[in-house]
Amino acid sequence: MTQTDVPPADPFASLRAQVASIRAACPLGRIASLDPSGFVVEGLSDHALLGDELVYEDAAGAVQRAEVSRLDRGSLRATPFGAADGLRIGLPVRPAGGPRVSPHDGWIGRIVDPFGRALDDRPLAPGVPVSLRAPAPAPARRRGMGARLSTGLAVFDTMLPIAMGQRIGLFAGSGVGKSTLLGDLARNMEADVCVLALVGERGREVSDFVRKVLGPEGMARTVVVAATSDMPANMRRRCAFTALAVAEHFRDRGRRVLFLCDSLTRLAEAHREVATAAGEEASLRGHPPSLTPLLASLCERAGPGEGAQGDITAVFTVLVAGSDMEEPVADIVRGQLDGHVVLSREIAEAGRFPAVDVLRSVSRSLPGCAAAEENVLIGEVRKILGVHDRTDLMVTSGLYERGSNPEVDRATALVPRLNEVFTARGLTRPSDGFRLLAGLLGRPYSGGAATA
Ligand SMILES: Nc1ncnc2c1ncn2[C@@H]1O[C@H](COP(=O)(O)OP(=O)(O)OP(=O)(O)O)[C@@H](O)[C@H]1O
């Protein structure tokens, strides 16, 4: 055979392959039994994966969706994303593949539900579908944390820096200023885009958050993904993963993304509802064991990107009653994150916001993201706070005689002024905050360039 006899490459090869993969018949299952939290389908267990979606028509002819929450030989259990009312035995159900959403750059400034549908009654541009189960960037290829980001809040810019791609937990009881702090970060923290997941808030809280806390300035660069408390548990659980997929959409386009997830506690509660209804036992201190990998995947997918990707800097809130850092969700995520910030009721009651308990909070981007002279200042402030924490009760109860220990005297004099610095806001650069600390401590400060 001469060269001219070689048959030309098939220009339709890719199209043919796609057509060949289309199934001539779509598998169809039927509802075999029903209860208020879900239904069992026969005939589809070989055609769906755990977490896949199913579609069916309700009594009014509207297309509804459900999620595969358990697979058995010959049958599967599905949890509907809406009310189970109007379903009947024998109703046809079709598999619809893995969970997906289609984010688009035009979603900035908009509020969407966990399916990516507009919640603000305006048309929404659909993008290219992406999986809600995307893998995290490969550990060997993903970058480390980047440079320190300016937040405009002195306590974060100095004592608890947040670096690009860092993932921190915000541990707070109710009413200690968590929402206000998230709003501050959404508006002022260095980022190109902010994606906010509101999991299980009441409807009024969502609109209050958007109008009053974020305001037009915050919304101008934010996509809000919201699942209100009246939505089914699997919708609330999906909310966090939809928001993460939106954040990944922007990260994959090289953007610096700030991902705010409020709250992991309500995500865990939603997961418990779905998992226990599917037969899993809540044997991990009141939660199903599958909670640990669920939270780990969420935390792991945020963080630094690889190659030309941007980064996802993330703040996950955890609701803790009475600052109980040992409660299960706090305990699980603390080890998976690059730092935790504790908001204290006592500090909020003293009227100091953000009510950050600096001594009980840790940022793992230190010491790398601060200059040597800044680390010296941070170390000295921590030491002063430690002395004050150990001796304050003695001092305030009159058991300490002034002048008997210079360290205690210094801490007693300095801590109220340090607390004032921690509440300073509107800073242009982190060095502004360090300059305030250095001034208080009587130390030199040259404006230390961060060493990321
Ligand atoms: N930066 C701030 N400056 C002044 N007051 C603040 C600030 N942040 C919070 N507060 C006060 O604390 C109250 C509760 O704040 P916020 O709603 O942010 O708390 P939360 O922890 O999100 O509450 P919840 O748990 O009820 O959602 C506010 O109504 C306000 O009085």
Side-chain angles (χ1 to χ4, degrees), residues 111 150-160 162 168-189 194-219 222 224-231 236 239-240 243 258-270 314-325 327 329-330 333 340-358 360-361 416-428 432-433 436:
I111 313 174
S150 166
T151 65
L153 300 166
V155 69
F156 288 101
D157 282 5
T158 56
M159 300 301 291
L160 298 164
I162 305 178
I168 64 160
L170 193 60
F171 297 80
S174 63
V176 297
K178 167 180 61 70
S179 308
T180 312
L181 176 55
L182 288 182
D184 279 337
L185 294 175
R187 278 195 312 277
N188 301 320
M189 192 163 149
C194 174
V195 180
L196 169 64
L198 291 176
V199 182
E201 299 267 358
R202 281 164 289 169
R204 184 187 55 75
E205 287 170 333
V206 173
S207 65
D208 277 1
F209 198 99
V210 169
R211 279 187 299 110
K212 297 185 191 159
V213 183
L214 283 179
E217 192 192 339
M219 270 315 273
T222 302
V224 178
V225 183
T228 48
S229 53
D230 56 334
M231 287 183 177
R236 284 180 268 134
C239 175
L258 172 62
F259 178 57
L260 305 174
C261 181
D262 186 20
S263 69
L264 291 186
T265 308
R266 284 192 295 259
L267 169 66
E269 286 163 2
V315 179
F316 298 97
T317 69
V318 180
L319 307 172
V320 286
S323 302
D324 175 13
M325 298 290 284
E327 67 88 40
V329 179
V333 294
H340 57 268
V341 171
V342 179
L343 296 188
S344 145
R345 183 166 306 283
E346 206 183 332
I347 298 175
E349 281 170 0
R352 298 201 312 266
F353 294 99
V356 176
D357 186 336
V358 174
R360 284 173 188 78
S361 306
R417 298 168 69 194
L418 286 172
N419 286 339
E420 270 176 42
V421 172
F422 297 155
T423 57
R425 53 182 62 237
L427 308 188
T428 323
D432 295 345
L436 292 172

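First listed ligand is number 1; within each ligand, the first listed atom is number 1.
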Atoms in ligand 1 flagged as close to Ser179, the criterion being non-hydrogen separation under 4.0 Å: 18 (O), 20 (P), 22 (O), 27 (O)
Heavy atom of the protein closest to atom 20 (P) of ligand 1 (residue, atom name, distance): Lys178 N, 3.5 Å
Arg345 side-chain N/O to Gly175 backbone N/O, donor-acceptor pair under 3.5 Å: no
Arg211 CZ: over 12 foreign heavy atoms closer than 6.0 Å: yes
Heavy atom of protein inside 4.0 Å of atom 29 (O) of ligand 1, strictly below: no
Which residue and heavy atom of the protein sit nearest atom 12 (O) of ligand 1, plus the separation: Phe353 CZ, 3.7 Å
Donor-acceptor contact present, side-chain Thr222 to main-chain Val224, <3.5 Å: no
Top protein contact for atom 15 (O) of ligand 1, by heavy-atom distance: Gly177 CA, 3.5 Å
For Ser174, atoms of ligand 1 separated by under 4.0 Å from a heavy atom: 25 (O)
For atom 18 (O) of ligand 1, closest protein heavy-atom neighbour: Thr180 OG1, 2.5 Å
Gly175 N/O under 3.5 Å from ligand 1 N/O: yes
contact_flag Glu205 ligand 1 heavy-atom lt 4.0 Å: no
Part of Arg202 with heavy atoms under 4.0 Å of ligand 1, whether side chain, backbone, both or neither: neither
